[in-house]
Amino acid sequence: MTCGIRLRYNGFIDPFGPLRKGEADLLLAWLPVEEPGLTVGPVLFAAPLMSPAALP
């Protein structure tokens with residue numbers, strides 16, 4: 001069995017449209033995602049947040 005991966009840019013106007021239309025199987029997005037009918041999977045990576053008070 002073979003598997004192919006195709007990366008593509010997804011715009012901000014309708015970010016979840018390709019998922020709903022079946023054109024994409026996976027979408028990486030910033031959390032939180034609160035869309036009816038979509039399930040949020042596991043977090044793949046996270047960046048530490050820095051507050052302005054922590055800057056020198």
Side-chain angles (χ1 to χ4, degrees):
M1 183 168 149
T2 62
C3 176
I5 296 175
R6 184 179 67 174
L7 299 176
R8 74 178 219 183
Y9 173 77
N10 194 42
F12 293 105
I13 295 173
D14 186 16
F16 304 108
L19 285 175
R20 296 190 189 284
K21 296 176 199 166
E23 298 171 358
D25 297 318
L26 173 74
L27 175 75
L28 296 179
W30 292 103
L31 293 175
V33 173
E34 296 177 6
E35 284 288 312
L38 295 181
T39 302
V40 176
V43 174
L44 298 177
F45 53 89
L49 297 178
M50 185 182 305
S51 70
L55 297 175

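Because only heavy atoms are used, hydrogens play no part in the values below, and waters and symmetry mates are left out as well, while side chains stay in. Here the structure is a predicted model, which is why all the values come from computation and not from measurement.
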Answer with yes or no whether the hydrophobic clustering places Val40 together with Val43; edges join I, L, V, M, F, W, Y residues whose side-chain heavy atoms lie under 4.5 Å apart.
yes
Sequence neighbours excluded - salt bridge (Lys or Arg N to Asp or Glu O under 4.0 Å) pairs with any residue from residues 41-53:
none
Give every residue pair that meets the side-chain hydrogen bond (donor to acceptor under 3.5 Å, both in side chains) criterion with at least one member in residues 15-42, sequence neighbours excluded.
Arg20-Glu35
Just list the side-chain donor-acceptor pairs under 3.5 Å for residues 1-18, sequence neighbours left out, or say none.
from, atom 1, to, atom 2, distance (Å)
Asn10, ND2, Pro15, O, 2.5
Asp14, OD1, Gly17, N, 3.3

Within one Ile-Leu-Val-Met-Phe-Trp-Tyr cluster: Leu26 and Val33, side-chain cutoff 4.5 Å:
no
Could you give all pairs that pass the salt bridge (Lys or Arg N to Asp or Glu O under 4.0 Å) test and reach residues 36-52, with sequence neighbours left out?
none
Is there any salt bridge (Lys or Arg N to Asp or Glu O under 4.0 Å) pair reaching into residues 36-52, and which pairs are they, with sequence neighbours excluded?
none
